[in-house]
Structures are given as C-alpha cells and as structure tokens.
**Student:** 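Submitted below is the structure of interest, expressed as structure tokens.
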Number of protein chains: 2
Amino acid sequence: MTSTRGEFDLLEQTWSEVTPDAARRMLVAAARAFAEKGYHATTTRDIAAQAGMSPAAVYIHYRSKEELLFQISRIGHTTSLEVLTSVPEADPVRRMTAAVAAFAGWHAKHHTTARVVQYELNALTPEHRTEVVRLRRRIEAVVREMVEAGVEAGEFKVPDVDGATLAVLSLCIDVARWYRPGGPRTPVEVGELYADLVLRMLT
Amino acid sequence: MTSTRGEFDLLEQTWSEVTPDAARRMLVAAARAFAEKGYHATTTRDIAAQAGMSPAAVYIHYRSKEELLFQISRIGHTTSLEVLTSVPEADPVRRMTAAVAAFAGWHAKHHTTARVVQYELNALTPEHRTEVVRLRRRIEAVVREMVEAGVEAGEFKVPDVDGATLAVLSLCIDVARWYRPGGPRTPVEVGELYADLVLRMLT
DNA sequence: GGACATACTAAGCGGTTGCTTAGACCTAAG
DNA sequence: CTTAGGTCTAAGCAACCGCTTAGTATGTCC
C-alpha cells in the first residue's frame, strides 16, 4: 500500500470502463502528460512513449490527439458530477458539508485528471467544448440548488446566492491547481478543511 | 468611455513602464494571446501580427518567446504584490477586507494578465520560474501575516492558519479563471463580494 | 556628405508537429 | 491450411514551429 501504488490504482479506477487495454493505457498516459505540461506542449509521441507504444498506435484507438483530450474531459466531468450528486444526506447543512468535502477531495485525490478537466477546456473543438460545457452547467446547477436549499431552510444566510455558488465552486475547482501529492494535507483532509470553510462562509 | 477603450487603457497602464513603444506593443499582444490560447498554442507569428509587425521584429526586443512570457509574468506578479501590500488600513479586519477587495478586484480587472500570471508558470525556464516563485512566496507571506494579525487581535477565529491563508489566496487567484468582462459583476463588485465572503470565512 | 547605430523586413533554415501509409504480426473462424 | 479482421510498427509526408540571416530604411553625430 505504497503511495505510488495507491495513485496508480486511482488512475485505473477512474478509467476502468475504457477498453481495450491499450486504449486505456493511452488515456492514462495522455491525462498525465496533459496535466503536467499542458495539452499543446504534449506531443502524440510523448503519449505513445509513455504508453509503451509507437506514435502511430494512438490513431488505432483515437481519431486525433484532441479526441484523447475530449475523452479525458468528458469522463472527468461526468465522474466529478457523480461525486457531487451522490451524497446521501438530506439535511441542507449536512448535505452541503458532505458534497463540498467529496467534491474538493476529488479534485485533490484526482488532481491529475482534475487539472485537465479544469484548465484545458479551450483546447477542445467547439463541438466537444459545447458538450463539456453542458456538463459544467449541470455541476453549477447542483451547487446552486444546495445553496438555495440551505437558504430556504433558514440555515444559510447569504445576500447573493449566485455569488456564493460561484465562490463554493471556485474554491473546490482551484484545488486542482495548487494540490501536490507530497504536501501537508491528504485529499480527505482537504475535503474536511474546505467543508468547514464553506460552511463558515454560508452561515 | 466605451468598455473596449477602457480595457485598452488598463493594458497601457500595466505596461506603461515598458519601452520602447514597439516592445510594449509586443508585450501587450503576447499577453492577450497567451491569456486567450495559452503560451504553447501561441506562435511568435501570432504575436507579431497582433502587434502589427513582422515575425522577426519580436527578436529585436526579446531574446525568445519565453522571455516575453517571463516579462509578463514578472511585471504581473510585481504589480499584484503591490496591489496587495499598498492598502492603507491598519486595523486587521479592515486591512484584510481592503486587501482582498483589491487583490480579487485586480484579478478581475486585469484578468488577461492575471491568467498568464496564474496559469502559465510551467512554461517558464527553471531560472525564470525560480524568480517568479520567489515573488509568489512573498504574496503568500503577506496574506498569512494578515490572517495571523487578525487571529492575534482576537478578531479572526480560524483553527488552521495555513489552511485559511491557502483558501483566501485560492479564492482570489481563481477569479482569473472564471471572470469574463461582459458578466454580471464589475471588477469592483467582485472585490466587494469576495471581501465579504472571506470575512465570513475568517470570523 | 560619410560613418555608424538602430529598427525593421523578406526570406528561409533546421527541427518538430499531427497524422498517414504500407505492411507485418497475431488470433480465430471456416 | 486459408482467409479475414483487428492491432501494431517503421517510415515518412506536408505543414508549421522558433529563430536566424542578409539586407533595407531611417535618423544622428561629426
């Protein structure tokens, strides 16, 4: 249960639905490279080499380099939306706490994927971008509904629901930028810290 | 006093110390392009064309494309540090309020520069990166001192000073990612909103 | 006017890019 | 054994990249 092994398991888990094996290895390699150097600074030769294959092998499974990015972005957005919505709590305060902890924690734990998800949107084709933006709007709507639920229950006191929604999302998303695996906080601790800070902000 | 004219004035103001005129026009063109498409997706031909000159003209004033990025990053970091430290208030609560309003507001008003400053660090050479990271640490230190001052004065109640510092900085920095000029909030309003949210978070 | 420095452009060089082509290898059905 | 289909590689193409070179225009000092 070393940290390296743990990180590898997480990658395998996120992309577990992707088949065949070579296509999944390519996605994982691309996600790593895109996160580390950015989409435009990554070459298809980088990706293929990291996946242990020849440059041409990329095009057996993907139409283009951009389609690799799109798949990472699509699966990443879908997963983070699931993380956000699958909190069991019903009480508005507990629900917000659990959701922020899970969402911020996901951005820390899967910071590699999250970085591609949050910072490489502009590299997508207009069509793919539109599809991903649709997912992002759903994420935003879920957070807004949770803020509104707390306000209606009289638990949250916010003068500006849109502003509060923006700030909660912004805080969580930015975790992908600053989080480093070797840092002082585990992903779970980041989630707990952020849940506390958001609650203070809203009440 | 159209918004286009206003935006242009801001750019001129930020880079006003840069001479000669052609070098400044090149910097402004590069900052725009880097912010819009990213450093690696921007070509030296893009920059030169936007500045109204031939591709070779870039190399009269700058040694490389990376040096353009470094100058934008260096001046941008220095300016934002000045914005953060030049708040006149002495009282910890008022000081934090004014500083967050100014810092977040700067990231909105100068979102073009701020985007390059915050998201293109990895494209710098190791030497230039080290120099910029030094500036970033000073910014972080200033925010931490303001949090500590509030805690010592008994005005802020935070269980984790490092965590609170991180969150305040993170919120402000992420403005550069989401802010759009045509949106519902002016830069000043963003500053006011964020100052309020941060104060709620800390007290 | 002549010598020199500065600011710029037209042309292009070597290297790298995303992607394609032609064909080898492996597996499995007939 | 033969054939077909899917997976992969070696080689390379056309386009584009950052940057350089050679040369022109302009202004300035003497």
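These values consider heavy atoms only, across backbone and side chains, with no hydrogens, waters or symmetry-generated copies. Labels below follow one simple rule: chain letters A, B, ... track the order of the sequence lines, proteins then strands, and each chain is numbered from 1.
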**Student:** Any chance you could measure A:Y119, atom OH, to A:I173, atom CD1, to the nearest 0.5 Å?
**Tutor:** 7.5 Å
**Student:** Within a reach of under 6.0 Å around CD of B:E89, are more than 12 heavy atoms found that belong to other residues, nucleotides or ligands?
**Tutor:** yes
**Student:** At under 4.0 Å between heavy atoms, how does the protein contact nucleotides 3-10 of chain D? Give one character per nucleotide, 5' to 3', with B, S or -.
**Tutor:** -----BBB
**Student:** Is there a donor-acceptor pair under 3.5 Å between the side chain of B:R95 and the backbone N or O of B:A90?
**Tutor:**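 Not confirmed, B:R95 side chain does not pair with B:A90 backbone.
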**Student:** Figure out the OH/P separation between A:Y62 and C:dC19, and round it to whole Å.
**Tutor:**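 Those two atoms, OH and P, are 14 Å apart.
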**Student:** How long is the line joining CZ of A:R45 and C1' of C:dC19, in whole Å?
**Tutor:**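 Taking CZ of A:R45 and C1' of C:dC19, I get 9 Å after rounding.
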**Student:** Which word best sums up how the rings of B:F70 and B:H128 line up, parallel for under 30°, tilted for 30 to 60°, or perpendicular for over 60°?
**Tutor:**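 If you compare the ring of B:F70 with that of B:H128, the planes turn out parallel.
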**Student:** Rounded to whole angstroms, how far apart are CG on B:L69 and P on D:dC19?
**Tutor:** 12 Å
**Student:** State, to 0.1 Å, how close A:V87 and A:A102 come at their nearest heavy-atom pair, and which atoms those are.
**Tutor:** CG1-CB, 4.5 Å
**Student:** Can you tell me how far C1' of D:dT20 sits from OH of B:Y59, to the nearest Å?
**Tutor:**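 After rounding, the reported distance stands at 10 Å.
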**Student:** Heavy-atom nearest nucleotide on DNA chain C for A:A41 versus A:R63: which residue maps closer to 5'?
**Tutor:**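 Per heavy-atom nearest nucleotide, the more 5' residue is A:A41.
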**Student:** Distance check needed: C:dT17 P versus A:I47 CD1, whole Å only.
**Tutor:**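 Going from CD1 in A:I47 over to P in C:dT17 covers 11 Å.
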**Student:** Does B:E36 CD have over 12 foreign heavy atoms under 6.0 Å away?
**Tutor:**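 Counting neighbours around CD of B:E36, 12 or fewer heavy atoms of other residues, nucleotides or ligands fall under 6.0 Å, so no.
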**Student:** Just the rounded figure in Å: distance from C1' of D:dC16 to CG of B:D46.
**Tutor:**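 Those two atoms, CG and C1', are 11 Å apart.
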**Student:** Tell me the interatomic distance from B:L68, atom CG, to D:dG18, atom P, rounded to whole angstroms.
**Tutor:**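 So the CG-P distance, B:L68 to D:dG18, works out to 11 Å.
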**Student:** Rounded off to whole Å, could you give me the CD-to-C1' distance for the A:E67 and C:dC19 pair?
**Tutor:**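 In whole Å, C:dC19 C1' lies 14 Å from A:E67 CD.
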